[in-house]
Amino acid sequence: MTEPDVFSHKVEPSSSSSSTLKPRTPPDSSPTPQLRPKSRLVLPLLCFLVPASIGGLLTLPILIFLSLIPVLGFFSLPSLISLVLFLIYSLTWTLYLLLAQTDPPTNVSLPFLPIAPARCLKVSYYILRLSRDFISARAIDLFLDLQVRRVMLLGGKDARKILKENILYAEGKDGKEGKRLDVYYPIFQKPHPATKKTEGQDSSEEGASQSSSEPVPERQLGPVIVFFGGGNWTWWSKKWGSQCALRLRRLGYCVVVPDIVQWPDGKMPEMVTSVRKVLQWTEEKIQTYGGDPEQIYILGYGSGAHVSMLTLVQDAVVNSRDSHFQRLTQPLSTDSLSADIEVSTGIRRCQIWGEEVPLPPVLGLICVSGVFDVVKQLRSEAKIGIEDVSALRRACGPSSSATLLSCPSHLLYGAKEILEPERLPPKMLIIAGGKDTEIPYSQSVLIKTLLEGVGVPVRLKLYRDETHLGSLASLMHQTRYSSLILQEIESLVASAF
């Protein structure tokens, strides 16, 4: 792995410059994303393209069949070619209208739509491949099962014995609504009795009244798993984590499923700060809901795995750097090895986003199909033509230095000589699929190598035929690999360190 410029420029440590030790600014000082207003043509175009594309896809097999008939093929073949060209553009433009109109490049007119045939062909192929993964992951079955569970199970009178919904963990700012989370009780643990809800009392007040009740006895507490789902850094909702949480609670875990800040409401500093607030709330309040605050594990999928890993790595790197500089400033220091270590400019500039929110000890981290090298992921997205519809560049960048500071692998590589491994969770599990075309499994191999290089033991599990969506489906319902993945999670939690 080649060390990027921002992390490779070496600067000699200086004991006389205290400003290099903690060049930190609070996350609230990060600029709010300035977004270009969407074109008024977006909705009318969608209203035309979506039904037209559906009709074209239904007509396509008929025209293919007619093209194989000698006489009719002479007339139907031109129609088939025209329909294929229309579908290539309509599918691409539909995806762009849905995902690429927020913060498009400043040098393009709105609505932002590609014209080049090669780009449209790449994006259409990506859509077809994604559709194949949806089918293989039985996404429709998952969606229907989710609706049934939310109505019959989570919407019934016994729902209060299963979970506590919409608990406020972070107040909103600038008129924005605060962030909330759901807590699923471990299956062996009866929910701690809360104050009865009075008429007119909202969910945040109810959560506060329950949080103020007496803690559950320690002998009844179960390990806590905080689940950060992934949806292109933009559209994950805690409601979609219900199936995964219900499976984990049956194993005796207390499961926390939060909504965190996502693009375009915030960028990576706000996302990391949101993760820290979730973990802080978990340490302070989870005992009330049957969870052990001394056994906190993080489960991240996709972009959730990226933000979770970044939060922990960033905290470890900055604190290890400050500890390194602190040793050098001691007048009687005889640590010649530390004095010879050169710290790059990038590591010196690294800050803890949301530092005012204390990060509790995390016992273990489980990452499923995560992004750990943002630069490589951006190149991969550009290769398959989806860099404009992915939110990664906008959430992490746009500058190269900001992107690198949002990249766990680059932080680990830049701080490999000064990182103190005890600042990271002692138990880590990385899971990836061999057929994951969204996030190549090489990302998981890379982060394992870097973590082990700084002294952190890591378990890596690669499943040959698993796809990106299939990894999420395996957490939610029975699949070929679901039992294996759950066994790995149970083994990690039960293992010593």
Side-chain angles (χ1 to χ4, degrees), residues 30-57 82-131 133-134 176 230-237 261-271 302-303 306 371 374-403 406 437-439 468-469:
S30 59
T32 302
Q34 299 296 321
L35 307 179
R36 296 176 66 187
K38 292 183 179 181
S39 170
R40 295 181 179 179
L41 296 176
V42 171
L43 185 58
L45 284 173
L46 281 174
C47 292
F48 166 73
L49 288 175
V50 172
S53 299
I54 295 175
L57 290 172
S82 300
L83 179 60
V84 170
L85 291 175
F86 169 76
L87 288 175
I88 289 174
Y89 274 88
S90 66
L91 292 175
T92 301
W93 285 12
T94 299
L95 189 64
Y96 265 71
L97 289 170
L98 290 173
L99 299 178
Q101 303 308 308
T102 302
D103 192 30
T106 56
N107 59 343
V108 300
S109 58
L110 299 178
F112 177 35
L113 298 172
I115 303 298
R119 167 57 60 94
C120 292
L121 190 61
K122 281 184 177 181
V123 176
S124 297
Y125 177 69
Y126 166 78
I127 294 174
L128 293 176
R129 191 172 59 189
L130 190 63
S131 301
D133 292 346
F134 262 100
K176 295 182 180 179
N232 192 32
W233 295 268
T234 55
W235 45 262
W236 176 261
S237 170
V261 174
Q262 299 181 96
W263 174 262
D265 294 331
K267 302 183 74 170
M268 203 53 60
E270 289 77 22
M271 296 182 193
S303 56
H306 166 233
V371 173
V374 176
V375 176
K376 285 189 175 181
Q377 182 64 19
L378 288 173
R379 291 172 181 167
S380 175
E381 292 176 352
K383 185 177 180 180
I384 60 179
I386 63 168
E387 70 274 19
D388 292 324
V389 298
S390 170
L392 180 58
R393 172 188 58 83
R394 291 166 283 180
C396 294
S399 68
S400 59
S401 59
T403 300
S406 301
T437 56
E438 310 297 313
I439 303 173
H468 187 71
L469 291 173

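Just so it is clear, the values below take in all heavy atoms, side chains as well, and ignore hydrogens, waters and symmetry mates.
Contact annotation: the side chain of Q101 approaches that of P111 to within less than 4.5 Å [non-hydrogen atoms, C-beta and beyond]. Looking at V371 and S303, their side chains never come closer than 4.5 Å, going by heavy atoms from C-beta outward. The shortest side-chain heavy-atom distance between L392 and Q377 falls under the 4.5 Å cut-off. Taking the side chain as every heavy atom from C-beta outward, L91 and V123 never approach each other to under 4.5 Å.
Residues I439 and G302 approach most closely at CD1-CA, 4.4 Å, considering heavy atoms. Smallest separation of non-hydrogen atoms from M268 and C396: CE-SG, 3.4 Å. Looking at every heavy atom in both residues, A100 comes nearest to F112 through O-CD2, 3.5 Å. Annotation for E438 and D133: closest pair OE2-OD2, 4.4 Å, computed over non-hydrogen atoms. Residue P114 comes nearest to W93 through the heavy atom pair O-NE1, 2.7 Å, listed as atom of the first residue, atom of the second, then distance. Of all the heavy atoms in M271 and A395, the pair that sits closest is CE-CB, 3.9 Å.
Judged by distance alone, the side chain of T234 and the main-chain N or O of G231 form a donor-acceptor pair under 3.5 Å. The backbone N or O of K376 sits nowhere less than 3.5 Å from a side-chain atom of S380 that would complete a donor-acceptor pair.
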Task: W236/Q262 under side chain to side chain contact (heavy atoms under 4.5 Å, CB included): CA gap, chis, key distance, verdict - done: CA-CA 8 Å; W236 176 261; Q262 299 181 96; 3.5 Å; yes
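Judged as a side-chain contact (heavy atoms from CB on, under 4.5 Å), and not counting sequence neighbours, the contacts of I384 are Y126, R129, I386. Residues passing the side-chain contact (heavy atoms from CB on, under 4.5 Å) test with R393, sequence neighbours excluded: L378. By the side chain to side chain donor-acceptor pair (under 3.5 Å) test, W233 pairs with H306, sequence neighbours left out. Checked against side-chain contact (heavy atoms from CB on, under 4.5 Å), S237 has the following partners two or more places apart in sequence or in another chain: K239, W240, D259. In this structure, the side chain to side chain donor-acceptor pair (under 3.5 Å) partners of S124, at least two apart in sequence or on a different chain, are T92. With sequence neighbours excluded, the residues forming a salt bridge (charged side-chain N to carboxylate O under 4.0 Å, His left out) with R119 are E387, D388, listed by chain and number.
To the nearest 0.5 angstrom, L99 atom CG is 9.0 Å from S390 atom OG. We find the OH-OG1 distance between Y89 and T94 to be 14.0 Å, quoted to the nearest 0.5 Å. Here the straight-line distance linking atom CG of L130 with atom OH of Y125 works out to 12.0 Å at 0.5 Å rounding.
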Throw together a table of side-chain donor-acceptor distances under 3.5 angstrom for residues 39-56, partners on residues two or more places apart or in other chains.
| residue | atom | partner | partner atom | Å |
| --- | --- | --- | --- | --- |
| S39 | OG | L41 | N | 3.1 |
| S53 | OG | L49 | O | 2.7 |
| S53 | OG | S90 | OG | 3.0 |

